[in-house]
Number of protein chains: 2
Amino acid sequence: MELTQEMIKGTVVPVILKLLAERAMYGYELIRVVNERTHNALQWKEGTLYPWLHRLEADGLIRGEWDEAASGRQRKYYRITRKGAAALEKTVHEWVTLSSAVNAILLAPSMA
Amino acid sequence: MELTQEMIKGTVVPVILKLLAERAMYGYELIRVVNERTHNALQWKEGTLYPWLHRLEADGLIRGEWDEAASGRQRKYYRITRKGAAALEKTVHEWVTLSSAVNAILLAPSMA
DNA sequence: GATGACACCTCGGAACACGAGGTATGTAAC
DNA sequence: GTTACATACCTCGTGTTCCGAGGTGTCATC
């Protein structure tokens, strides 16, 4: 019964879309940025992220493109599509609705 | 790719514990109360709730007891245990940490 | 006596996370 | 030059979960 991990589900998609809306990034970078920005509250793993990137690309929400870094290393940079931007807006709204509802219950004062 | 349903996962346990910390309730009642309090933002289903009640009882976080309602109908009232109260505190803290981290990303101003 | 709300439950298919494993390249140390 | 590590991509299998569909029985109403 690993609660935290369960909570993380469902936040993956909006967070990916949001970060890619800010700027194009490659998979490994996304993991690093998320772990840093959330101080490891969200601990993303490769086994979770890569399949999602493929799914989102298949759905046309993001588009990946191989590019050569200055070091000469190949990286696959993803950027958000128009369709993805629309999905982002929708999913953020869903998150706000849900988290507000949950907060309203969890943070209500306990009855004595 | 049903995002909202995915998000709901992980919120089930803290919400159950919190509501039972307020007062003893039976399963069917929990579903009704949650759907009302969240205006259907969380739409709980029986197929999700009942297995969780059994799991939480098996883990000693809640305790169920059959009781006869005034109508004569049998209901299984659940109440939180001492162990459950500790788990509630922990899981609420986890939720706050997680939702704050996600909000920090999702609600950040988009770069132009 | 039939219909529908209440109240409990289980089962099975589909979806998902993630650990473990794999490949390949650049960099640093020795 | 080769060993070792960080980078960077990927897939597969196991275990876990949701929830629609189905089942049982009770009570109230008509």
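Convention: sequence-line order gives letters A, B, ...; per-chain numbering from 1. All heavy atoms count here, side chains included; hydrogens, waters and symmetry mates do not.
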Review point. Can you tell me if the side-chain N/O atoms of A:Trp52 get under 4.0 Å from OP1 or OP2 in C:dA17?
Key: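 So the side chain of A:Trp52 is within the cut-off, an N or O lying under 4.0 Å from OP1 or OP2 of C:dA17.
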In whole Å, I'd like the distance from the [atom1] atom of [X] to the [atom2] atom of [N].
{"X": "B:Leu56", "N": "D:dT17", "atom1": "CG", "atom2": "P", "answer": "11 Å"}
{"X": "B:Met25", "N": "C:dC8", "atom1": "CE", "atom2": "P", "answer": "11 Å"}
{"X": "A:Leu49", "N": "C:dA17", "atom1": "CG", "atom2": "P", "answer": "10 Å"}
{"X": "A:Trp44", "N": "C:dG19", "atom1": "CH2", "atom2": "P", "answer": "16 Å"}
{"X": "B:Glu68", "N": "D:dG25", "atom1": "CD", "atom2": "P", "answer": "18 Å"}

Review point. Mind checking what makes ring-ring contact (aromatic ring centres under 6.0 Å, His included) contact with B:Tyr50, not counting sequence neighbours?
Key: none
Check your understanding: Could you give all pairs that pass the side-chain hydrogen bond (donor to acceptor under 3.5 Å, both in side chains) test and reach residues 99-109 of chain B, with sequence neighbours left out?
Key -> A:Trp95-B:Asn103
Review point. Less than 4.0 Å between a side-chain N and a carboxylate O, is that true for A:Glu36 and A:Arg32?
Key: no
Review point. Quick one: do A:Arg23 and A:Glu29 make a salt bridge, cutoff under 4.0 Å?
Key: yes
Check your understanding: Heavy-atom distance under 4.5 Å between the side chains of A:Lys76 and A:Glu57, does that happen here?
Key -> yes
Check your understanding: Looking at side-chain heavy atoms only, is the closest gap between A:Leu30 and A:Leu19 below 4.5 Å?
Key ->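 Side-chain contact under 4.5 Å: yes.
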Check your understanding: Can you give one letter per nucleotide of nucleotides 1-11 of chain D, going 5' to 3': B for a protein heavy atom under 4.0 Å from the base, S for sugar-phosphate only, - for none?
Key -> ------BBBBB
